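If you're wondering where the values come from, they're calculated on a predicted model, not measured in any experiment. As the structure lists them, so they are numbered: ligands from 1, and atoms in each ligand from 1.
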Amino acid sequence: MRKKIVAGNWKMNMNLQEGIALAKELNESLKAEKPNCDVVICTPFIHLASIAQFLDQNIIGLGAENCADKEKGAYTGEVSAAMVKSTGAQYVIIGHSERREYYKETPEILKEKVLLAQANGLKVIFCIGESLEEREAGKQNEVVKAELEGSLFNLSKEDFEKVVIAYEPIWAIGTGKTATADQAEEIHAYIRSVIAEKYGEETADGTSILYGGSCKASNAPELFAKKDIDGGLIGGASLKCADFKGIIDAFN
Ligand code: PEP
């Protein structure tokens, strides 16, 4: 059975003290009431080492939102996968559409990041998804397939099986527009079929594919009830304990 996962992506929100307070609140809340799915919080780099000190990582996994595409050395301002791992984090988001768009991260760069993350023992949450223009042109399947091929399909079957996919239509991120559960299910099923073609049915069946894009407590139950939707990658609604917990509770 593939894993059900709810992962938060804090993005560039909250200073260190605010982030610690939120992680503590979430930790207490989920210790008191164990979730029915894996829960992960992905935070800015500066929060990781502090949060790793107290987070019960049997209940909540900790991850970064990015890592460098270089192993080490003279890359001012960059944070390597090894550095992320050394904080006590276990996960890293790679390929978020905001990184692709604002920081011009290409499939080739993302491929390097995935390799380095895995070489350093981090679990990769890899984001794919089409823009509004691409969806309106009916190109969404083509886009997600190319994103998988461009940065992940070089992996061995064994390494691919360690990756979590997050399908995030760009037009639904932070816009309040969610893909309908049927729209999301349709493309999740397609993504799974592309994985099956490349790595076989068993690998495809075991791959967790999360939905991301204006997911909240009110629409999570319908989305997560779909056969090929294994949870969510949550931006805005991961910034308040009650909102995030409301989404986690969709699995209860
Ligand atoms: C995200 O950026 O990963 C995301 C899904 O954001 P939001 O939930 O705010 O749409």
Side-chain angles (χ1 to χ4, degrees), residues 4-14 18-19 22 26 37-45 47-48 60-67 89 91-105 110 113-114 117 122-132 134-135 140 143-144 147-148 151 163-181 183-185 187-188 191 208-224 226 228-251:
K4 304 292 179 189
I5 305 169
V6 173
N9 173 16
W10 288 5
K11 310 193 185 184
M12 199 171 72
N13 292 298
M14 292 188 290
E18 291 163 342
L22 174 59
L26 195 63
C37 60
D38 286 9
V39 174
V40 180
I41 51 174
C42 296
T43 79
F45 294 127
H47 295 69
L48 293 173
I60 310 178
L62 180 63
E65 300 168 12
N66 180 31
C67 68
Y91 290 84
V92 62
I93 296 173
I94 294 179
H96 194 281
S97 58
E98 288 154 14
R99 302 282 332 162
R100 292 178 191 262
E101 185 181 348
Y102 306 142
Y103 301 98
K104 308 291 172 234
E105 294 190 358
L110 299 175
K113 292 189 178 203
V114 170
L122 292 170
K123 295 177 203 163
V124 172
I125 301 174
F126 191 81
C127 302
I128 57 178
E130 80 286 356
S131 65
L132 183 59
E134 289 162 339
R135 160 100 17 195
Q140 61 274 19
V143 170
V144 295
E147 288 176 331
L148 292 169
S151 307
V163 176
V164 172
I165 305 290
Y167 167 67
E168 301 204 302
I170 298 168
W171 48 272
I173 296 179
T175 57
K177 274 190 209 160
T178 324
T180 65
Q183 264 176 333
E185 169 58 22
I187 192 154
H188 277 234
I191 292 165
S208 298
I209 308 177
L210 315 184
Y211 168 80
S214 298
C215 185
K216 38 191 183 290
S218 57
N219 57 25
E222 198 191 346
L223 285 160
F224 298 175
K226 293 291 183 188
D228 290 293
I229 303 180
D230 305 308
L233 180 58
I234 318 298
S238 70
L239 297 175
K240 286 206 178 110
C241 183
D243 294 347
F244 194 49
K245 174 80 169 42
I247 296 172
I248 293 164
D249 288 345
F251 281 118

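For the pair Ser214 (side chain) and Ala172 (backbone), a donor-acceptor distance under 3.5 Å is present. Remark: the backbone N or O of Ala237 is not paired with any side-chain donor or acceptor of Lys240 at under 3.5 angstrom. Between the Asn9 side chain and the Gly235 main chain, no donor and acceptor come within less than 3.5 Å of each other. Between the Arg99 side chain and the Glu65 main chain, no donor and acceptor come within less than 3.5 Å of each other. Side-chain N or O atoms of Gln140 include none that pairs as donor or acceptor with a backbone N or O of Gly129 at under 3.5 Å. Between the side chain of Tyr211 and the backbone N or O of Ala179 there is at least one donor-acceptor pair closer than 3.5 Å. A distance-only check finds no donor-acceptor pair linking the side chain of Glu130 to the backbone of Arg135 [under 3.5 Å].
Heavy-atom contacts of Gly213 reach the following atoms of ligand 1: 5 (C), 10 (O) (cutoff under 4.0 Å). Listed by atom number, the atoms of ligand 1 under 4.0 Å from Ser214 heavy atoms are 7 (P), 8 (O), 10 (O). Atoms of ligand 1 found under 4.0 Å from any heavy atom of Ala172, numbered from 1 in the order shown, are 10 (O). Per-residue contacts place Leu233 under 4.0 angstrom from the following atoms of ligand 1 (heavy atoms of the residue considered): 3 (O), 5 (C).
Judged by the shortest distance from any of its heavy atoms, His96 lies inside the 4.0 Å radius around the atoms of ligand 1. In this structure, Ser97 falls outside the shell of residues with a heavy atom less than 4.0 angstrom from ligand 1. For the pair Ala237 and ligand 1, no heavy-atom separation below 4.0 Å is found.
Taking distance alone, with nitrogen or oxygen atoms compared against 3.5 Å, Glu168 approaches ligand 1 more closely than that limit. At least one N or O atom of Gly236, backbone or side chain, sits closer than 3.5 Å to an N or O atom of ligand 1.
Residue contacts with ligand 1, taken as heavy atom pairs separated by less than 4.0 Å, involve Ile173 via backbone and side-chain atoms alike.
Considering only non-hydrogen atoms, atom 10 (O) of ligand 1 lies nearest to Gly174 out of Gly232, Gly174, Gly235, Gly212.
Lys11 NZ, 2.5 Å is the protein heavy atom nearest to atom 2 (O) of ligand 1.
Counting heavy atoms from C-beta on, the side chains of His188 and Lys226 never come closer than 4.5 Å.
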